[in-house]
Amino acid sequence: QVHLVESGGGSVQAGGSLRLSCVGSGLNIRNYCMGWFRQTPGNERETVAAITRGDGGSYYADSVKGRFSISQDNAKNTVYLQMNSLKPEDSAMYYCAARFDGGRYYVPPSQVSEYNYWGQGTQVTISS
């Protein structure tokens with residue numbers, strides 16, 4: 001059974017940094033597209049960043065390009081989201097998700113609906 005567990009969220013001031021981690025079990029992330037998503041109350045979940053197998057392409061939402069970076073450590077079965085220059089509008093619940101790749105993707109899917117394994121989320125709050 002696949003489990004994804006996020007950590008690293010918290011409260012920081014605008015301009016600060018956080019690094020989110022997502023540890024996977026029941027899957028080998030080198031065979032999966034991995035993504036980070038976020039959601040605020042009353043709004044739809046949106047894709048923040050995604051990566052294929054750690055050696056393929058990546059995707060970033062326009063709102064985070066140049067500030068966020070997704071990476072993965074296959075030995076630790078862990079995906080990271082480094083978030084720099086944080087803004088109050090980055091405040092949200094952040095989720096990690098996975099979908100099986102099987103060598104299919106050169107660029108990871110960017111649609112939320114493409115991912116079928118989800119973690120419980122970690123809260124990020126940015127104060128101005």
- Message: Apply side chain to side chain contact (heavy atoms under 4.5 Å, CB included) to residues Asn84 and Ser17 and explain how you reach the verdict.
- Response: CA-CA 4 Å; Asn84 300 324; Ser17 299; 2.9 Å; yes
- Taking side chain as C-beta onward, heavy atoms only, is Ser113 less than 4.5 Å from Gln111? yes
- Note on the structure: Taken to the nearest 0.5 Å, the spacing of Arg99 CZ from Thr52 OG1 works out to 12.5 Å
- Verdict with reasoning, Asp101 to Asn31, per side chain to side chain contact (heavy atoms under 4.5 Å, CB included): CA-CA 6 Å; Asp101 181 328; Asn31 297 321; 5.8 Å; no
- Message: Using 0.5 Å steps for rounding, measure from the SG atom of Cys96 to the CD atom of Gln120.
- Response: 11.5 Å
- Task: For the pair Lys87 and Asp90, find out whether any cationic side-chain nitrogen is under 4.0 Å from an anionic carboxylate oxygen.
- Result: no
- Should Arg67 and Met83 be marked as a side chain to side chain contact (heavy atoms under 4.5 Å, CB included) after you check the CA-CA gap, both sets of side-chain angles, and the distance that decides it? CA-CA 6 Å; Arg67 300 188 298 122; Met83 305 187 296; over 6 Å; no
- Query: Counting only heavy atoms not in Glu46, do more than 12 sit closer than 6.0 Å to its CD atom?
  - Reply: yes
- Item | Reported CD1-to-CG distance for the pair Ile29 and Asn74, which is rounded to 0.5 angstrom | 5.0 Å
- Heavy-atom side-chain proximity of Ile126 to Val12 below 4.5 angstrom: yes
- Task: Give, for atom OG1 of Thr125 and atom CE of Met93, the distance between the pair rounded to the nearest 0.5 Å.
- Result: 8.5 Å
- Query: What about Val2 and Trp36, same hydrophobic cluster or not, with Ile/Leu/Val/Met/Phe/Trp/Tyr joined at side-chain heavy-atom distances under 4.5 Å?
  - Reply: yes
- Message: On a heavy-atom basis, which atom in Ala98 and which in Leu27 lie closest, and how many Å separate them?
- Response: CB-CD1, 4.0 Å
- Stepwise side chain to side chain contact (heavy atoms under 4.5 Å, CB included) test for Ile70 and Val48: CA-CA 9 Å; Ile70 187 171; Val48 175; over 6 Å; no
- d(Arg38 CZ, Arg45 CZ) to nearest 0.5 Å is 13.0 Å
- Query: Rounded to the nearest 0.5 Å, what separation is found between the SG atom of Cys22 and the CD atom of Glu6?
  - Reply: 5.5 Å
- What residue pairs, at least two apart or across chains, pass ring pair (Phe, Tyr, Trp, His ring centres under 6.0 Å) with a residue in residues 65-114? Tyr32-Phe100
- For Pro108 and Ile51 the tightest heavy-atom approach is CG-N, 3.7 Å
- Please, which pairs that meet ring pair (Phe, Tyr, Trp, His ring centres under 6.0 Å) have at least one residue in residues 109-128, sequence neighbours excluded? Phe37-Tyr115, Phe37-Trp118
- Message: If I compare all heavy atoms of Thr40 with all of Ala92, which pair ends up nearest, and what's the gap?
- Response: CG2-CB, 3.7 Å
